**Student:** 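Pasting a structure below so you can have a look.
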Amino acid sequence: MKDFKINQFQQDLITWFEHEQRILPWREDQDPYKVWVSEIMLQQTRVDTVIPYFLNFIKQFPNIESLANADEEHVLKAWEGLGYYSRVRNLQSAVREVHENYGGIVPNTPEEISKLKGIGPYTTGSILSIAYGVPEPAVDGNVMRVLSRILSIWDDIAKPKTRKIFEAIIRDIISKENPSFFNQGLMELGAIVCTPSSPSCLLCPVQDHCQSFKDGTQKELPVKTKKNIVKELPMAACVFVTDDDKVLISKRPETGLLAKLWEFPNVEVVKELTSPKEQLMSFAEETFNVSLQVDDVIGTLQHVFSHLTWNITVYKGRLSNEPVQSDTVKLVTLEELKQYAFPVSHQKIWKQYLEDKSSQLV
DNA sequence: AATTCGGGGAA
DNA sequence: TTCCCAGAATT
């Protein structure tokens, strides 16, 4: 970094951010709670995806107290479709912690705030710098890409230790006067100028400071090894309805994939020893302790997660008697169904059921 | 250090 | 198709 002019770089970056930053709902003020909510939502999630969720979430839960006192079911429903659902469970847990042990004031030191659930190294730095003006590094994917190009750093950003290298660099070059705009400027630059595939170097406000632009290596950086292929799991799912048109749903376990979301009865199809339909029926009878029948296949669908793929065969079925209901098993009307949070995969199942149902009427 | 957590937009 | 996004928790 011998020839790297830190002061000039800070000024160019911050001045550019002041003029070119996007108008975003979470930039209207620096309320630590709202900054917090936005940063959790933005983890591994695009700005355009987050905007409507953020607006709705803040409308429903405008402050620490309202989220602390909210029903978990309502909170999960507000997160429905956004993914990584442990984020919002951890957020509410941490907000309750702040409500009870910090007098409702988001702590302003790295030691305290990083102890809160769901707040890791990146979010610690982003909240502290944006909400409180504390010069802590906030190293996300954007920052690693931008800095790897500017300083020509060839470490593999897929490795966990590489993030620490960038944090150390940021500590050296962050603006002490305006750490908020410095951090946000780096991220904004990565989002709209220094993009992954074809960066707009000719429009870049810090082009003069960029080593990889000088070298013409900007398209080779950052170095990032790719991950392995995902497993495919055959699944069978069924929408069971009663004679008075109520639907059987159940709640997923408290940990693991899609924790605490609701779903339609389903099984992973193991072998072709018995038919998928057979496996689905015996699973449902044992789980819900009711007599039932599985009827026709409505359709099939594929749902892709980051680490696995579900290949789901969708059935419809009928219940002859009502199951015992509980906190995790319910029989609901079509209208009541809308109150429950479902993963997108099961929203697709429900959509197929409705399409099949309407086609039967014609 | 590697894996597990969702979902969708863009190239 | 592949990539990867304002990452954190768990193993």
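Numbered from 1 within each chain, the chains take letters A, B, ... in sequence-line order. No hydrogens, no waters, no symmetry mates; every other heavy atom, side chains included, goes into these values. If you're wondering where the values come from, they're calculated on a predicted model, not measured in any experiment.
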**Student:** Could you pick out which residue, Lys161(A) or Ser198(A), lies toward the 5' side of DNA chain B when each is mapped onto its nearest nucleotide?
**Tutor:** Lys161(A)

**Student:** Before giving the answer on side-chain contact (heavy atoms from CB on, under 4.5 Å), spell out for Glu39(A) and Ser126(A) the whole-Å C-alpha distance, their side-chain angles and the decisive distance to 0.1 Å.
**Tutor:** CA-CA 7 Å; Glu39(A) 291 300 343; Ser126(A) 62; 3.4 Å; yes

**Student:** Under 4.0 Å between any heavy atoms, over every strand shown, what does Val47(A) touch: base, sugar-phosphate, or nothing? Just pick one.
**Tutor:** base

**Student:** Find which nucleotide of DNA chain C each of Trp26(A) and Asn90(A) is nearest to by heavy atoms, and output the residue with the more 5' nucleotide.
**Tutor:** Trp26(A)

**Student:** Hey, do the aromatic rings of Phe264(A) and Trp350(A) have their centres closer than 6.0 Å?
**Tutor:** yes

**Student:** Just by protein heavy atoms under 4.0 Å, how would nucleotides 4-9 of chain B read 5' to 3' in B, S and -?
**Tutor:** SBBBBB

**Student:** Answer yes if the side chains of Thr123(A) and Gln43(A) hold a donor-acceptor pair under 3.5 Å, and no otherwise.
**Tutor:** yes

**Student:** If you look at every strand shown and take non-hydrogen atoms under 4.0 Å, does Arg27(A) touch a base, only sugar-phosphate, or nothing?
**Tutor:** base

**Student:** Would you classify Arg89(A) as touching base, sugar-phosphate or nothing, given that sugar-phosphate means primed atoms plus P, OP1 and OP2, and contacts are heavy atoms under 4.0 Å?
**Tutor:** nothing

**Student:** What interatomic distance, in whole Å, is found between P of dG8(B) and the corresponding atom of dA8(C)?
**Tutor:** 22 Å

**Student:** Between Ser291(A) and Ser320(A), do the side chains contain an N or O donor and an N or O acceptor separated by less than 3.5 Å?
**Tutor:** yes

**Student:** Distance between the C1' atoms of dT3(B) and dA6(C), in whole angstroms?
**Tutor:** 22 Å

**Student:** Hey, which sits more toward the 5' end of DNA chain C by its nearest nucleotide, Arg22(A) or Ser114(A)?
**Tutor:** Arg22(A)

**Student:** Can you give the first and last nucleotides of DNA chain C, 5' to 3', that have an atom under 4.0 Å from a heavy atom of chain A?
**Tutor:** dC3(C) to dA9(C)

**Student:** Please report the distance separating the C1' of dC4(C) from the corresponding atom of dC5(B), rounded so that it comes out in whole Å.
**Tutor:** 16 Å

**Student:** Whether the side chain of Arg318(A) engages the backbone of Phe240(A) through a donor-acceptor N/O pair (distance < 3.5 Å, no angle test) should be reported.
**Tutor:** no

**Student:** How is Ser38(A) classified with respect to the nucleic acid when contacts are heavy atoms under 4.0 Å: base, sugar-phosphate, or nothing?
**Tutor:** nothing

**Student:** Examine Trp79(A) together with Tyr84(A) and report whether their ring centres are nearer than 6.0 Å.
**Tutor:** no

**Student:** For Gln184(A) and Ser180(A), does a side-chain donor sit closer than 3.5 Å to a side-chain acceptor?
**Tutor:** yes

**Student:** Ring centres of Phe305(A) and His303(A) under 6.0 Å apart?
**Tutor:** yes

**Student:** Below 4.0 angstrom, N of the basic side chain to O of the carboxylate: do Arg89(A) and Glu72(A) qualify?
**Tutor:** no

